[in-house]
Protein chains: 2
Amino acid sequence: MICHTAQEVTMTITPKEYQCPMMQFVNLISGKWSIPIVYRLIIIDEPVRFGELLKHLAPVTQKELTKHLRAFEEKGLVQRTVYAEIPPRVEYEITALGKTLKQPLAGLAVWMEQHAAYLLHK
Amino acid sequence: MICHTAQEVTMTITPKEYQCPMMQFVNLISGKWSIPIVYRLIIIDEPVRFGELLKHLAPVTQKELTKHLRAFEEKGLVQRTVYAEIPPRVEYEITALGKTLKQPLAGLAVWMEQHAAYLLHK
DNA sequence: CTGGATCCTTCTGGATACTG
DNA sequence: CAGTATCCAGAAGGATCCAG
């Protein structure tokens with residue numbers, strides 16, 4: 001893929017060796033609800049139980065939330081802590097690495113808030 | 001859904017009336033390749049033929065590119081121009097509204113470039 | 001020859017019921 | 001309560017076919 005860096009530096013690289021950052025991003029944070037889930041964990045910014053997180057992320061189903069959280073854990077974006085209690089308790093918390101996404105994602109959120117009124121009524 | 005604005009102002013709103021900006025965003029820019037496609041059109045910043053755009057967006061298939069471009073056109077993010085020529089020529093260009101996404105998306109791209117080396121080798 | 005429409009297969013995501 | 005398994009609709013990939 002012919003691509004440019006975020007700074008728009010023109011590069012001549014063979015498609016096989018290089019990936020547009022956006023391609024890498026959607027490959028890393030893949031799936032319909034990835035961005036809202038990560039952003040929510042960033043805003044909460046403390047350990048949350050699975051059930052509570054699920055309530056916050058309204059239309060997201062249990063299956064999808066579980067799947068995404070496990071994927072994020074594997075990538076080091078989220079920390080998962082299991083407590084050996086009855087009833088079971090599992091808490092999720094954004095990691096330092098995950099928090100580095102706060103500003104970029106907040107930028108998206110601000111954009112959406114600014115243009116929501118116009119875009120959602122077309 | 002219980003949610004906060006990008007500025008993290010705590011709000012008490014009934015779930016039915018409010019949507020987290022991120023939820024709105026993934027609802028608007030939906031689909032696996034939406035973000036890379038929009039970002040590419042922003043970087044190119046001039047009319048591009050379909051075939052050339054397709055080459056730039058390497059793993060994206062013709063069908064998906066067509067579908068997304070039509071959706072963006074409907075939302076006012078992209079302008080589509082058909083020339084009655086032989087062979088046929090169709091050009092796509094980012095609109096002024098679409099360009100407002102440049103900074104937010106560039107933020108994501110920068111983040112990805114900074115963390116790609118670490119994240120892609122886990 | 002280009003853009004894209006169509007058919008078919010594969011995979012992702014939604015709804016629900018069930019287990020430790 | 002958290003997570004899994006199952007079933008099913010919809011999204012996305014691959015390969016043609018078509019109009020101009």
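In what follows, every chain begins at residue 1, and chains take the letters A, B, ... in the order their sequences are listed.
- Looking at heavy-atom distances under 4.0 Å, B:Tyr83 makes no contact with the nucleic acid at all.
- A:Tyr92 has its OH atom 9 Å from the P atom of D:dA2, to the nearest Å.
- Side-chain contact between B:Trp111 and A:Phe25 is present, with at least one heavy-atom pair separated by less than 4.5 Å.
- Look at CZ on B:Arg80: it is 10 Å from P on C:dG3, rounded to the nearest Å.
- Taking atom CD on A:Gln62 and atom P on C:dA15, their separation rounds to 11 Å, with Å as the unit.
- Look at CD on B:Glu64: it is 14 Å from P on C:dG4, rounded to the nearest Å.
- Base engagement by B:Lys63 is indicated by at least one non-hydrogen atom pair under 4.0 Å involving a base atom.
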Under 3.5 Å donor-acceptor pairs involving side-chain atoms of residues 43-50 of chain B, not counting sequence neighbours:
from    : atom 1 : to      : atom 2 : distance (Å)
B:Asp45 : OD1    : B:Lys99 : NZ     : 3.3
B:Arg49 : NH2    : B:Pro88 : O      : 3.1

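- Atom CD of B:Glu91 is separated from atom C1' of C:dG4 by 17 Å (rounded to the nearest Å).
- Put simply, B:Thr61 has a side-chain N or O that comes within less than 4.0 Å of OP1 or OP2 on D:dG13.
- Side chain of A:Lys67, nearest nucleotide from D:dA12, C:dG13, C:dG3: C:dG13.
- Note on A:Leu65 and A:Val82: same hydrophobic cluster, where clusters join Ile, Leu, Val, Met, Phe, Trp and Tyr whose side-chain heavy atoms are under 4.5 Å apart, directly or indirectly.
- We find that CG of B:Leu69 is positioned 12 Å from P of C:dA5, with the value rounded to whole Å.
- The distance from atom CG of B:Leu57 to atom P of D:dG13 is 12 Å, rounded to the nearest whole Å.
- Distances shorter than 4.0 Å separate none of the side-chain N or O atoms of B:Trp33 from OP1 or OP2 on D:dA11.
- A donor-acceptor contact shorter than 3.5 Å links the side chain of A:Thr95 to the backbone of A:Gly76.
- Applying the 4.0 Å criterion to OP1 and OP2 of C:dG14, one finds that A:Lys32 has a side-chain N or O inside that range.
- Listed nucleotides: C:dT2, C:dG4, C:dG20. Nearest to the side chain of B:Arg49: C:dT2.
- In this entry the distance linking NE2 of A:His68 with C1' of C:dG14 reads 13 Å, nearest Å.
- Distances from the side chain of B:Arg70 to the nucleotides D:dG3, C:dG14, C:dA5 place C:dA5 closest.
- With sequence neighbours left out, B:Arg80 forms a salt bridge (charged side-chain N to carboxylate O under 4.0 Å, His left out) with no residue at all.
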